[in-house]
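Right, one structure below, let's go through it.
These values consider heavy atoms only, across backbone and side chains, with no hydrogens, waters or symmetry-generated copies. These figures come from a predicted structure and were not determined experimentally.
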Amino acid sequence: MRVKCVICDKIEAIEDESFEAKRLRNRPIHTYMCNECKTRITKKTNARFETGNFRLFRAKSEEDDW
């Protein structure tokens with residue numbers, strides 16, 4: 001399966017039977033990002049997180065005592 005990275009527009013080939021290919025076929029909301037873009041974003045996010053000025057807003061989970 002040929003896929004295109006959303007950030008750098010690089011076209012790559014992935015296995016047709018892989019989990020990622022199945023996810024992209026069945027759920028169009030999911031997008032593909034190449035490994036170079038993933039690692040670059042991860043490094044920059046971690047560097048911003050270590051400065052202390054970066055806040056990650058996560059959904060508050062409500063605990064049920066049921």
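- Atom CD1 of I11 is separated from atom CZ of R2 by 5.0 Å, given to the nearest 0.5 angstrom.
- Listed by first and then second residue, the side-chain hydrogen bond (donor to acceptor under 3.5 Å, both in side chains) pairs involving residues 38-49 amount to none (not counting sequence neighbours).
- Membership of the apolar cluster around I7 extends to M33, I41, as traced through chained side-chain contacts below 4.5 Å between ILVMFWY residues.
- Between atom SG of residue C37 and atom CG of residue D9 there is a gap of 9.5 Å, rounded to the nearest 0.5 Å.
- Among pairs with a residue in residues 13-35, those fulfilling side-chain hydrogen bond (donor to acceptor under 3.5 Å, both in side chains) read E12-Y32, at least two apart in sequence or across chains.
- Considering all non-hydrogen atoms of both residues, C8 and C34 come closest at SG-SG, 3.7 Å.
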